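In listed order, ligands and their atoms are each counted from 1. As a basis for the values below, the full set of heavy atoms in this structure was taken, side chains included, without hydrogen atoms, waters or symmetry mates. The structure presented is a predicted model; accordingly, all values stated were derived computationally and were not measured.
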Amino acid sequence: MSELNEKWLDLRSDTVTRPSAAMRAAMNAADVGDDVYGDDPTVNHLQEYTADLFGYEDALFAPSGTQSNLLALLAHCGRGDEYLVGQEAHTYRYEGGGAAVLGSIQPQPIINQPDGSIALADIAAYIKPDDFHFARTKLLALENTIGGRVLGLDYLKQATTLAHERGLATHLDGARVCNAAVKLGVSPRAAVAGFDSVSVCLSKGLGAPIGSVLCGSKPLIAEAKRWRKMLGGGMRQAGMIAAGGMYALQHNFERLSEDHDNATYFASELAKLKGLKVSTPQTNIFYVDIPADTCRALNDVLQLTRIRVSMSPHLRIVTHMDASREDIDRAITVFGDFFG
Ligand SMILES: Cc1ncc(COP(=O)(O)O)c(C=O)c1O
């Protein structure tokens with residue numbers, strides 16, 4: 001292990017995990033071919049497996065969640081079309097404006113409620129009439145989990161039904177939809193019911209090094225495949241990385257509940273410390289408000305004790321498979337010594 005990663009406890013994100021020995025062995029053993037020709041058996045298997053797991057006709061392997069979401073937006077919408085999206089959503093806020101830059105697709109951002117949802121009344125109100133003054137509203141894009149919060153099945157049903165009744169398609173940024181399914185105690189299919197497409201990340205809590213899978217109908221995936229080639233996402237012997245994703249889906253899905261339990265435990269211990277305002281985690285992500293004048297000193301202590309967290313704008317802690325209960329106890333001691 002490199003000096004850079006040695007002994008650090010990295011709680012900035014669940015994207016930081018490194019592939020386990022067993023996952024690496026699966027990657028090493030992968031049967032491969034040229035995926036641009038459709039000849040990579042491991043990529044084909046991952047796509048078929050994921051489509052079936054989430055209940056879709058077809059699926060497409062993409063190098064990242066950003067690209068997979070972009071493929072969906074480009075496949076659902078054309079030039080001059082619009083998608084409704086939360087102000088806090090990754091596709092709107094953290095993906096470089098790709099849909100606008102590359103697809104001439106206009107985002108219509110809408111405020112997220114404190115629970116992460118977009119109010120149904122807001123969705124209805126932002127759908128534009130069929131009038132040449134307006135962009136054509138084509139798609140509703142939601143995210144689950146969003147900032148670690150889980151959108152409930154009733155809400156998802158109401159939102160997707162409303163969208164469909166008004167002639168819109170629906171896309172789910174399911175970067176952490178496996179966390180949502182585990183938390184809701186439902187099957188992957190039930191967690192995405194009502195969505196015409198979902199982007200599932202393999203490299204977040206599931207622990208694969210690379211990759212996302214876009215699921216949808218055959219025509220949608222065919223369209224996404226054209227865009228993927230254009231964006232430079234057509235990969236060759238990609239079975240090497242797809243095998244890591246397959247391993248992740250088959251071995252690391254159910255264990256996400258451990259990350260949720262660790263987050264709950266960690267947050268409840270931090271909440272006992274004076275001056276800290278700690279959010280209640282629903283899955284593996286939570287936030288801590290710390291007194292402004294302690295930020296710098298805390299940062300120094302965390303550096304010294306080799307702990308990484310996200311500090312801007314709020315202190316954010318994300319649990320994952322490379323952060324054991326023992327690691328979390330060590331972090332709790334560091335925070336306790338500092339704030340105690
Ligand atoms: C909710 C959500 N969607 C999409 C992405 C994009 O994934 P990637 O980093 O693989 O592009 C992320 C990344 O953290 C995310 O948190």
Side-chain angles (χ1 to χ4, degrees), residues 10-19 46 50 54 60-74 83 85-99 101-102 107 109 112 115-118 139-151 156 170-183 191-192 195 197-215 224 227-228 231-233 235 238 241-242 244-245 248-249 256 259 263 281-287 308-310 312-314 316-322:
D10 195 339
L11 300 166
R12 287 173 299 176
S13 176
D14 49 12
T15 56
V16 301
T17 58
R18 288 181 289 274
L46 173 68
T50 315
F54 286 90
L60 187 67
F61 187 44
S64 69
T66 300
Q67 186 176 105
S68 176
N69 278 326
L70 180 58
L71 297 176
L73 297 173
L74 291 167
Y83 72 110
V85 63
Q87 273 282 357
E88 297 173 27
H90 206 275
T91 53
Y92 172 60
R93 209 164 182 150
Y94 303 107
E95 295 182 5
V101 175
L102 298 164
N112 287 96
D115 67 358
S117 68
I118 305 176
L139 178 73
L140 171 67
L142 296 176
E143 184 176 317
N144 205 12
T145 64
I146 174 161
R149 292 160 297 184
V150 183
L151 303 179
L156 294 174
T170 52
H171 171 69
L172 181 69
D173 176 356
R176 296 185 180 81
V177 70
C178 299
N179 295 82
V182 165
K183 177 67 185 184
V192 301
F195 287 95
S197 57
V198 59
S199 166
V200 181
C201 283
L202 306 167
S203 63
K204 306 286 183 298
L206 292 178
I210 303 169
S212 289
V213 182
L214 178 67
C215 302
W227 284 110
R228 186 185 69 170
L231 294 172
M235 299 179 283
I241 53 175
L249 281 170
L256 290 170
D259 301 340
Q282 294 179 19
T283 54
N284 66 328
I285 301 175
F286 67 98
Y287 300 86
R308 291 192 179 106
V309 296
S310 285
S312 68
H314 303 288
R316 186 184 80 159
I317 290 173
V318 186
T319 55
H320 51 73
M321 61 190 298
D322 285 358

On a heavy-atom basis, the closest approach of Asp14 and Val318 is N-CG1, 3.4 Å
Of all heavy-atom pairs between Pro107 and Val85, which one has the smallest distance, and what is that distance? CB-CG1, 4.3 Å
Taking Asp10 first and then Arg308, would you say they form a salt bridge - that is, a charged N and a carboxylate O separated by under 4.0 Å? yes
With a 4.0 Å cut-off, would you call Glu88 and Arg149 a salt bridge? yes
Atom indices of ligand 1, in the order listed, that fall short of 4.0 Å to a heavy atom of Ser64: 10 (O), 11 (O)
Nearest protein heavy-atom contact for [atom]: which residue, which atom, what distance?
{"atom": "atom 10 (O) of ligand 1", "result": "Gly65 N, 2.8 Å"}
{"atom": "atom 11 (O) of ligand 1", "result": "Thr66 OG1, 2.6 Å"}
{"atom": "atom 1 (C) of ligand 1", "result": "Glu143 OE2, 3.2 Å"}
{"atom": "atom 3 (N) of ligand 1", "result": "Asp173 OD2, 2.7 Å"}
{"atom": "atom 13 (C) of ligand 1", "result": "Lys204 CE, 3.1 Å"}
{"atom": "atom 12 (C) of ligand 1", "result": "His90 NE2, 3.2 Å"}

Side-chain donor/acceptor of [X] to backbone N/O of [Y], under 3.5 Å:
{"X": "Asn69", "Y": "Asp173", "value": "no"}
{"X": "Asn144", "Y": "Val177", "value": "no"}
{"X": "Glu143", "Y": "Ala89", "value": "no"}
{"X": "Arg316", "Y": "Arg12", "value": "yes"}

Using a 4.0 Å heavy-atom threshold (strictly under), name the region of [X] that reaches ligand 1: side chain, backbone, both or neither.
{"X": "Gln67", "result": "neither"}
{"X": "Asn69", "result": "side chain"}
{"X": "Ala175", "result": "side chain"}

Is any N or O atom of Arg176, backbone or side chain, closer than 3.5 Å to an N or O atom of ligand 1? yes
